[in-house]
Novice: 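The structure under discussion is supplied below as C-alpha cells; questions concerning it will follow.
The chains referred to below are lettered A, B, ... by the order of the sequence lines, with proteins before strands, and numbering in each begins at 1.
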2 protein chains.
Amino acid sequence: MNPPHPKKPAVTKHSKQRDRIYDIVRGTRSHPTAEWVHEEVRRSMPRVSLGTVYRNLHVLALQGRVMELDFGDGSRHYDAFTDEHYHFVCERCGSVQDLDIPPFADLNDRVSSSVSGIVRSHRLVFVGVCSSCQQHQ
Amino acid sequence: MNPPHPKKPAVTKHSKQRDRIYDIVRGTRSHPTAEWVHEEVRRSMPRVSLGTVYRNLHVLALQGRVMELDFGDGSRHYDAFTDEHYHFVCERCGSVQDLDIPPFADLNDRVSSSVSGIVRSHRLVFVGVCSSCQQHQ
DNA sequence: ATACATGCAAATCATTTGCGCAGTC
DNA sequence: GACTGCGCAAATGATTTGCATGTAT
C-alpha cells in the first residue's frame, strides 16, 4: 500500500533558469513580484515561462535563499535578504523598504498571556507614506 | 465634460441581504471568510449569491461596520469587532483569536527614524499554536 | 419613477498543475 | 539512462463585474 521509498522533496539539480531567477531577486531591493521577476528573466532568457518562475521562487524559498512576503496587495513579493527584518510599505505607491532595526524580541511575550496557546512569532508591517510620495504631493 | 451630478458613492438603501450578512458576521468570533458567510446566509435565504455577499461585505467595510483582514492564507477574513486590536492565528488549524490588549502605541515611533517617509500605522499578527491544537498532539 | 441592489454567469488575477520533452547528474 | 526541471496551456481559487431584473425610497 505504501510506496517502497517515500517521495523525497528532491530539489537537487540546478538549472540556468533558477540561477538567473535567484540573481535577479538578489540584485534588487524592490521586493519584486513573480511577474516582475519574469519580465526581468525574459530579457536574457526569453522563453522562460511564468510557471517556471513561480516554481523556482518556491524552491528558493524552501532552500531559505529567498523569503516570501505578503503585504496584502494581492500578489506575493520576494526578498533575497533573509535575515529577519521588518518592512515599511507606502500606502500610496506600494513601494517597500527594509527596516534596519533588529526585530522586537519582546512583542511575543507582551501578548502571550492574552493568547490561549503558544505564541511562536509575529508578522509586523509598517504602513505610511514614503518620502518620494510626500514630495509629489 | 463633467457629468452634471458627480456619481456619489451612494451606499444608501438597505436590503434584507445586507442586514442578514451583517448579523452573521456580528454573531461570530470566528473571523469568517466570504465563503463561510455565504453558506450561513443561505440557510435562511437560499438564493443569495456569493457575489452579493462580497459586495455587501465590502459595503459594510466602507461603512466601518466590519473590517477586512488578510492573514495571508489566501482568503480575506471579516470581523465585526472594529475597535483596533491584534490577532493571533494558529499555524496548524488557521483559527483566529482576538487579543484583548490595547495596541502598542510606541511601535510606530520606534521605527520612524529608520524609515524615509511617515509611518502612520502598522499591521501586527501573532502566530503560534492554539491550545486546541496543542492538546490534539 | 429612479436609483441602488440582486442573481447569475462570465471575466479577472494570481498562482498552481498536468504533460510531453529537454537538460542534468 | 534515470530523473528533475522546463515550456506550454489548461486548471484552480478567490474575488470582481456586466447585465437584465427586482426592490426600496
Novice: Can you see whether A:His85 engages A:Asp100 through a side-chain donor-acceptor pair at a distance of less than 3.5 angstrom?
Specialist: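 No, A:Asp100 and A:His85 have no side-chain donor paired with an acceptor closer than 3.5 Å.
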Novice: What integer distance in Å separates A:Leu57:CG from C:dA14:C1'?
Specialist: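 In whole Å, C:dA14 C1' lies 13 Å from A:Leu57 CG.
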Novice: Could you verify whether a donor N or O on one side chain and an acceptor N or O on the other, from A:Arg20 and A:Ser44, lie under 3.5 Å apart?
Specialist: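 Their side chains do contain a donor-acceptor pair, which is all the 3.5 Å distance test asks for.
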Novice: Has the side chain of B:Arg18 got a donor or acceptor atom that lies under 3.5 Å from a matching backbone atom of B:Lys13?
Specialist: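 Such a contact is found between B:Arg18 side chain and B:Lys13 backbone.
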Novice: Can a side chain N or O of A:Arg76 be found less than 4.0 Å away from OP1 or OP2 on C:dT16?
Specialist: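 For C:dT16, OP1 or OP2 has a side-chain N or O of A:Arg76 closer than 4.0 Å.
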Novice: Is there a side-chain contact between B:Tyr54 and the phosphate of D:dT16, meaning an N or O under 4.0 Å from OP1 or OP2?
Specialist: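 No, because none of the side-chain N or O atoms of B:Tyr54 sits under 4.0 Å from OP1 or OP2 of D:dT16.
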Novice: CD of B:Glu68 versus P of D:dT16: gap in Å, rounded?
Specialist: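 Computing the B:Glu68:CD to D:dT16:P distance gives 8 Å.
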Novice: Quick one: on DNA chain D, does A:Ser49 or B:Leu50 contact a more 5' nucleotide (nearest heavy atom)?
Specialist: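 Comparing both residues, the 5'-ward one is A:Ser49.
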Novice: Once you round it to whole Å, what is the distance between P of C:dC4 and CG of B:Asn56?
Specialist: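 Atom CG in B:Asn56 sits about 15 Å away from atom P in C:dC4.
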Novice: Distance from A:His14 atom NE2 to A:Asn56 atom CG, nearest 0.5 Å?
Specialist: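 Reported to 0.5 Å precision, the distance equals 12.0 Å.
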Novice: B:Arg55 has a side chain; which of D:dT15, C:dC19, C:dC8 sits nearest to it?
Specialist: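 For B:Arg55, the side-chain atoms sit closest to C:dC8.
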Novice: Using atom CZ of A:Arg20 as one end and atom P of D:dG7 as the other, report the distance to the nearest whole Å.
Specialist: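 Those two atoms, CZ and P, are 14 Å apart.
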Novice: Once you round it to whole Å, what is the distance between P of C:dA5 and NE2 of B:His58?
Specialist: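 Taking atom P of C:dA5 as the reference, NE2 of B:His58 is at 13 Å.
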Novice: Rounding to an integer number of Å, can you tell me how far B:Leu60 CG sits from C:dA5 C1'?
Specialist: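 These atoms are roughly 13 Å apart.
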Novice: Counting side-chain heavy atoms from C-beta on, which of C:dA5, C:dG7, D:dC6 comes nearest to B:Gln17?
Specialist: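 So the side chain of B:Gln17 is nearest to C:dG7.
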Novice: Would you work out how much the helix from C:dA1-D:dT25 to C:dC25-D:dG1 bends between its ends, with each end axis defined by five base pairs, to 10 degrees?
Specialist: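 The angle, to the nearest 10 degrees, is 30°.
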Novice: Among side-chain atoms of A:His122 and A:Asn108, is any donor-acceptor pair under 3.5 angstrom?
Specialist: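 Yes, A:Asn108 and A:His122 have a side-chain donor paired with an acceptor closer than 3.5 Å.
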Novice: Specify the separation, in whole Å, of atom CG of B:Asp70 and atom P of C:dA14.
Specialist: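 Rounded to whole Å, this separation is 15 Å.
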Novice: Please tell me whether B:Thr82 and B:Arg65 have a donor and an acceptor in their side chains that are separated by less than 3.5 angstrom.
Specialist: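 No, B:Arg65 and B:Thr82 have no side-chain donor paired with an acceptor closer than 3.5 Å.
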Novice: Under 4.0 Å between a Lys/Arg side-chain N and an Asp/Glu carboxylate O for B:Arg43 and B:Glu40?
Specialist: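 Yes, B:Arg43 and B:Glu40 are salt-bridged.
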Novice: Does B:Arg18 have a side-chain nitrogen or oxygen under 4.0 Å from the phosphate oxygens OP1 or OP2 of C:dA5?
Specialist: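 For C:dA5, OP1/OP2 do have a side-chain N/O of B:Arg18 under 4.0 Å.
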Novice: All N/O contacts under 3.5 Å from nucleotides 21-25 of chain C to the protein, with atom names and distances to one decimal?
Specialist:
| residue | atom | partner | partner atom | Å |
| --- | --- | --- | --- | --- |
| C:dG23 | N2 | A:Lys13 | NZ | 2.8 |
| C:dT24 | O2 | A:Lys13 | NZ | 3.0 |

Novice: What I want to find out is whether A:Lys16 reaches A:Asp19 closely enough, with some N-O distance under 4.0 Å, to be called a salt bridge.
Specialist: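 Salt bridge between A:Lys16 and A:Asp19, a charged N being under 4.0 Å from a carboxylate O: no.
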Novice: By the definition ring-ring contact (aromatic ring centres under 6.0 Å, His included), identify the one residue from A:Phe126, A:Phe71, A:Phe81 that meets it with A:His87.
Specialist: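 Option passing the ring-ring contact (aromatic ring centres under 6.0 Å, His included) with A:His87: A:Phe71.
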Novice: Round to a whole Å and report the spacing from CG of B:Leu62 to P of C:dA5.
Specialist: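 In whole Å, C:dA5 P and B:Leu62 CG are 11 Å from each other.
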